[in-house]
Amino acid sequence: MSEQPNSEAIVRCEEIEQLAVLLACDELDPAVRSAVNAHASECAICAAVVSREVRLHQEIAAFDPARRFIGSFRAVAGAMPQRAWPRHSMTSRRG
Ligand SMILES: [Zn+2]
């Protein structure tokens, strides 16, 4: 067992989910980010969570590069632009 000097930032499994979102958005403190990565390297479940969030964030960024800095998928979903369907004009008929 090799003890590291900077082992103050300990990340638990129940914290990974929200930290993974921030990590994917690159909004995490370097110390916390390294702690998340360290945990993910030893915990397969959390590694899957992190990679899922990173992939999700990449898909969102690819979908709309202007929203790549938004912190969560929920925020993006709330600000989703309306789809501009061409309106079928049936108003020529006079009643
Ligand atoms: Zn874990």
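By convention here, the first residue in the shown sequence is residue 1. Counting convention: from 1, in listed order, for ligands and their atoms alike.
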_Distance in Å, Ile60 CD1 paired with Cys25 SG, rounded so as to fall on 0.5 Å steps_ = 7.5 Å
*Sidechain-backbone polar pair: Glu15 side chain, Arg12 backbone, donor-acceptor under 3.5 Å*: yes
*Any chance you could measure His39, atom NE2, to Ile45, atom CD1, to the nearest 0.5 Å?*
8.5 Å
*Drop me the distance from Gln18's CD to Leu28's CG, to the nearest 0.5 angstrom.*
10.0 Å
*Is there side-chain contact between Asn37 and Arg33, with at least one heavy-atom pair below 4.5 Å?*
yes
*Roughly how far, to the nearest 0.5 Å, is the CD atom of Glu53 from the CG atom of Leu23?*
9.5 Å
*Mind listing the protein N/O/S atoms less than 2.8 Å away from the Zn ion (ligand 1)? Waters don't count.*
Cys13 SG, His39 NE2, Cys43 SG, Cys46 SG
